[in-house]
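All remarks here apply to the structure that follows.
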Amino acid sequence: MKRRLVTAGVALGVVVAATGVATLTAQADPIDPASPELSTWTVPRLTPDEAAELEALGFTLAHEHGGESHIIGDEALADEARELGYDPEFLDTVYKDVPPSAEQEGTYYGGYRTVDSYEADLQAVADANPDLASLHDIGDSWLKTQGQGGHDVYAICLTKIAAGDCETDPDSAKPRFSLIAQMHAREIATGEVAWRWIEKLVNGYGTDAEVTELMDTTEIWVVPVANPDGVDIVASGGDDPILQRKNANDTAGSCGDAIGVDLNRNSSFAWGDDSTNPCSETYQGASAASEPETKAVEDWLRALHPDQRGENPTDAAPADARDVFITLHSYGEYIIVPWGYTSDVAPNDAGLRALGKAMSDSNGYFVGTNDDTVGYSTSGTTDDFAYGELGVASFTFEIGPDSGNCGGFFPAFSCVDDSLWPENEGALMTAAQAAAAPYAG
Ligand SMILES: [Zn+2]
């Protein structure tokens with residue numbers, strides 16, 4: 001763990017020193033072959049063996065869709081890949097320009113909140129709005145369970161609080177919309193979008209009629225940072241955030257800079273068909289829900305949402321089922337509906353797609369299953385758990401475009417307020433307003 005951070009820090013330090021201001025124009029100019037700058041490259045869709053080969057070489061696997069895979073590495077690494085017969089094409093710089101004036105206490109990379117800042121801000125919102133918000137510790141991060149620092153995982157409940165509201169009991173008076181972000185730590189804009197959603201609801205109560213109506217009738221729960229240990233690693237890079245996706249559990253093997261379990265492959269529903277290689281970005285963990293962060297989110301979802309679906313994969317949740325769940329990821333501009341683990345059509349497919357389409361009317365994202373969008377199956381994902389285990393109408397948002405100043409894992413901070421939040425604000429509102437009857441069409 002420690003060695004990993006030091007190594008990554010040194011490597012990235014060289015990047016900064018060597019490129020400096022030149023990074024500002026890298027998108028417009030052909031990439032300098034001598035540049036050690038981290039870039040995203042596209043290659044034709046990788047087989048699992050090819051992906052493993054490129055990961056072993058030092059690439060970070062980033063994203064897949066259609067016939068294409070995105071891999072992250074510097075130009076020298078791209079040359080090594082070419083020697084192996086691959087043909088990586090430059091797509092984008094990983095790091096966008098950070099305005100020098102943007103440095104603020106408790107933030108990194110131009111304004112993104114650290115985990116400690118999220119915790120302080122959550123507490124402040126709950127303290128200032130006792131009638132609208134209550135903060136819940138839903139479990140521990142892996143490092144905390146090891147006595148090595150780490151964090152609690154926090155959820156905030158937002159509603160006009162009446163007697164019996166915001167209790168972790170699925171038999172709630174109000175229907176519920178639950179949202180998580182930054183389960184994949186490096187998908188940093190997702191936490192900020194979740195944060196703006198919290199602010200909209202708290203600040204809009206009593207002044208915005210739509211928000212007031214929603215808060216009077218619905219409980220909205222938000223986990224802005226589902227993988228706090230991972231986000232600490234990301235933020236440790238400062239203006240050059242570390243590309244940490246997984247949690248900080250390093251017990252499964254020595255992986256250089258690729259430690260951890262992929263929490264979005266570790267859920268207990270349909271677990272076990274993803275990578276068994278601890279060094280893979282999609283390592284599924286030693287067993288279903290082996291990770292404390294996974295357990296925290298699953299226990300919390302079970303405590304919020306009634307079980308409305310049978311055990312059989314073909315059992316549909318009833319038309320009058322309640323509650324909606326969204327997990328925010330990046331990137332690609334998709335709204336992904338279950339199933340992820342199989343190409344079989346989810347029993348509530350029509351209802352899921354109808355609500356997906358209603359949300360897409362706001363953000364313009366493409367609605368479909370894994371097969372329709374990223375083009376691969378996944379097992380042990382949170383959205384399959386929420387839908388498969390509980391019958392909750394469940395979605396993955398992949399926010400932001402593939403490339404450009406607001407694209408990739410590390411969009412410029414200004415993009416959060418310029419595009420990523422505004423384009424998703426209406427979609428989250430649509431999701432929350434559907435919580436009473438998400439499959440009713
Ligand atoms: Zn993700």
Side-chain angles (χ1 to χ4, degrees), residues 40 51 55 60-65 68-72 94 112 115 153 178-194 222-231 233-235 241-248 258-267 269 271 274-275 280-285 291 293-294 297 325-341 363 365-366 368-370 372-387 394-403 406-411 415-416 420 424 427:
T40 306
E55 276 194 307
T60 299
L61 301 187
H63 180 72
E64 293 183 307
H65 67 92
E68 210 166 69
S69 298
H70 295 175
I71 56 175
I72 294 175
V94 170
Y112 288 91
V115 178
V153 179
S178 55
L179 174 82
I180 67 171
Q182 279 193 292
M183 173 165 264
H184 286 155
R186 67 193 180 191
E187 298 166 13
I188 60 176
T190 64
E192 294 294 328
V193 166
V222 185
V223 176
V225 185
N227 176 8
D229 291 348
V231 176
I233 296 173
V234 172
I242 309 292
L243 282 159
Q244 178 73 18
R245 166 183 168 101
K246 303 184 286 180
N247 75 353
I259 60 158
V261 173
D262 185 347
L263 300 175
N264 201 35
R265 300 293 186 275
N266 186 239
S267 278
F269 186 85
W271 177 87
D274 252 286
S275 181
S280 163
E281 291 289 358
T282 53
Y283 174 49
Q284 63 188 2
E291 303 311 294
E293 298 90 346
T294 310
V297 168
F325 167 75
I326 292 176
T327 176
L328 295 180
H329 287 257
S330 68
Y331 50 92
E333 301 185 327
Y334 303 126
I335 295 174
I336 305 178
V337 300
W339 297 115
Y341 81 101
N363 64 16
Y365 292 0
F366 183 88
T369 60
N370 269 7
D372 303 328
T373 57
V374 290
Y376 55 86
S377 288
T378 49
S379 70
T381 59
T382 326
D383 54 351
D384 271 6
F385 173 86
Y387 173 68
S394 180
F395 304 86
T396 293
F397 278 23
E398 294 282 0
I399 71 169
D402 286 359
S403 62
C406 298
F409 293 131
F410 299 144
C415 297
V416 175
L420 298 172
N424 283 292

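Whatever order the structure lists ligands and atoms in, that order sets their numbers, starting from 1.
When only modelled atom types and interatomic distance are considered, Thr327 and Asp383 share no side-chain donor-acceptor pair under 3.5 Å. For the residue pair Asn264/Thr382, the side-chain donor-acceptor check at 3.5 Å is satisfied. Defined by atom type and a distance below 3.5 Å, a donor-acceptor pair is present between the side-chain atoms of Asn424 and Tyr365. Side-chain atoms of Asn247 and Asn227 include no donor-acceptor pair closer than 3.5 Å.
With waters left out, the protein N, O or S atoms under 2.8 Å from the Zn ion (ligand 1) add up to 4.
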Could you check Glu281 against Arg186 for salt bridge (charged side-chain N to carboxylate O under 4.0 Å, His left out), going step by step and ending with a plain yes or no? CA-CA 12 Å; Glu281 291 289 358; Arg186 67 193 180 191; 3.7 Å; yes
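Less than 6.0 angstrom separates the ring centroid of Trp339 from the ring centroid of Tyr387.
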